[in-house]
Amino acid sequence: MAYGAVGRLRKRAVALTAALTLAVAPALAAPVTVAALGDSLTQGYGLPPAQGFVPQLNAWLAEQGAEATVLNAGVSGDTTAGGLSRVEWTLTPEVDAMIVALGGNDLLRGIDPASSRANLDAILAKAGERGIPVLLIGMVAPGNYGPEFKRDFDAIYPDLAETHDTLYAPSFLGALERMDDRQATLARYIQGDGIHPNAEGVKLIVQDLGPKVLDLIEQAAD
């Protein structure tokens, strides 16, 4: 056989081997992009940019070896209605999963729980239409609006998490709310406004919610 023919056969064999390798090799998993749709707690109110919830969460995820990036879609003062109004452009094509942490400003304004429920229901429905897994972060109402308001509001998050089959965390501030000494917690982990966590408080919140976010990332990667 002529040398040129042998060379051509060798090139074909190399090309065939490469093609077969590509066909059987597992596809590399692309990093997961998570949008955190929320209010001032998500946005990082009162904190330097690197110390807010999303930057600290991204750093924590990197420490866990998670191939993921969380995008800050938090807007200070936002209600569930505000979240609904911007969920369409929050769920851009690169978003693979979403954290929903809204409702605190509904409480501050005394908005009818039925309205808050409808808005959150619509947000979760839009995520479902796109096949976007969600971590829904809930909260409970104080008692100052009366027992009926509290009953109706407190039921919103677990009900919707079950209806839409989302991951669920009972409270954004759960890590701080579970501490026994409220005054000491306020002094050490909350900013001067008595509402928003400081950087150390955010660190505890991230450690508390982080495992749920890892579950969310795993769902998105499947």
Side-chain angles (χ1 to χ4, degrees), residues 29-80 82-83 85-87 89-105 107-108 123 127 132-139 167-179 181-221:
V32 171
T33 299
V34 182
L37 183 69
D39 49 33
S40 56
L41 294 174
T42 305
Q43 183 266 335
Y45 176 86
L47 295 172
Q51 295 181 359
F53 172 70
V54 171
Q56 288 207 46
L57 178 57
N58 274 320
W60 185 89
L61 291 171
E63 291 172 359
Q64 313 310 308
E67 293 288 332
T69 300
V70 182
L71 306 178
N72 195 337
V75 173
S76 291
D78 218 2
T79 61
T80 57
S85 72
R86 59 194 179 86
V87 69
W89 53 265
T90 297
L91 293 175
T92 54
E94 67 267 22
V95 170
D96 305 301
M98 183 166 64
I99 299 168
V100 177
L102 289 163
N105 290 302
L107 281 177
L108 290 175
I123 289 171
I132 301 292
V134 172
L135 168 60
L136 178 63
I137 301 179
M139 62 185 62
L167 292 169
Y168 174 60
S171 174
F172 189 95
L173 298 172
L176 308 183
E177 292 168 344
R178 291 191 294 270
M179 293 182 175
D181 191 333
R182 176 168 173 75
Q183 291 304 316
T185 300
L186 286 170
R188 184 171 181 181
Y189 298 113
I190 301 295
Q191 297 180 44
D193 61 7
I195 298 174
H196 297 91
N198 60 25
E200 284 302 308
V202 171
K203 182 179 180 180
L204 295 180
I205 290 166
V206 166
Q207 291 172 351
D208 184 48
L209 294 176
K212 289 284 188 181
V213 179
L214 287 175
D215 291 341
L216 178 67
I217 292 166
E218 185 177 351
Q219 279 194 7

Contact list for residues 181-190, test side chain to side chain donor-acceptor pair (under 3.5 Å), sequence neighbours left out: none
Side chain to side chain donor-acceptor pair (under 3.5 Å) involving Ser76 - partner list, sequence neighbours excluded: Gln43
What residues form a side chain to side chain contact (heavy atoms under 4.5 Å, CB included) with Ala101, not counting sequence neighbours? Thr42, Ile137, Phe172
Side-chain heavy atoms of Phe53 within contact of Leu209, under 4.5 Å: yes
Sequence neighbours excluded, which residues qualify as side chain to side chain contact (heavy atoms under 4.5 Å, CB included) partners of Pro133? Ala97, Leu216, Gln219, Ala220
What heavy-atom pair brings Gly52 and Leu47 nearest, and what distance separates the two atoms? CA-CD1, 4.0 Å
The complete set of side chain to side chain donor-acceptor pair (under 3.5 Å) pairs with one or both residues in residues 47-65, sequence neighbours excluded, reads none
Of all heavy-atom pairs between Leu57 and Ile99, which one has the smallest distance, and what is that distance? CD2-CD1, 4.2 Å
Under the side chain to side chain donor-acceptor pair (under 3.5 Å) test, residues paired with Ser40 that sit two or more places apart: His196
Applying side chain to side chain contact (heavy atoms under 4.5 Å, CB included), can you list everything that pairs with Val87, at least two apart in sequence or on another chain? Leu37, Leu84, Leu91, Met98, Ile123, Lys126
Can you tell me how far apart CD1 (Ile205) and CG (Leu173) are? Round to the nearest 0.5 Å. 5.0 Å
Under 4.5 Å between any side-chain heavy atoms of Val54 and Leu71, yes or no? no
Between Pro197 and Leu41, what is the shortest heavy-atom contact and its length? CD-CD2, 3.6 Å
Salt bridge (charged side-chain N to carboxylate O under 4.0 Å, His left out) partners of Asp96, counting only residues at least two apart: none
Residues in salt bridge (charged side-chain N to carboxylate O under 4.0 Å, His left out) contact with Asp39, at least two apart in sequence or another chain: none
Measuring from Leu167:CG to Leu136:CG, what's the distance to the nearest 0.5 Å? 9.5 Å
Who pairs with Gln207 by side chain to side chain donor-acceptor pair (under 3.5 Å), at least two apart in sequence or on another chain? none
For Ala36 versus Val70, what's the shortest heavy-atom pair and its separation? CB-CG1, 3.9 Å
Rounded to the nearest 0.5 Å, how far does OH of Tyr45 lie from CG of Asp193? 6.0 Å
Quick one: side chain to side chain donor-acceptor pair (under 3.5 Å) partners of Glu177, sequence neighbours excluded? Ser171
Where at least one partner belongs to residues 199-220, residue pairs that pass ring-ring contact (aromatic ring centres under 6.0 Å, His included), sequence neighbours excluded: none
Of all heavy-atom pairs between Pro211 and Asp208, which one has the smallest distance, and what is that distance? CD-O, 3.6 Å
Might you work through the side chain to side chain contact (heavy atoms under 4.5 Å, CB included) test for Ile217 and Leu61, ending with a clear yes or no? CA-CA 10 Å; Ile217 292 166; Leu61 291 171; 3.9 Å; yes
To the nearest 0.5 Å, what is the distance between OG1 (Thr79) and CG (Leu107)? 11.5 Å
Rounded distance (nearest 0.5 Å) linking atom CG of Asn198 with atom CG of Leu204: 9.0 Å
Nearest non-hydrogen partners of Asn105 and Gly77, listed with the distance: ND2-C, 3.3 Å
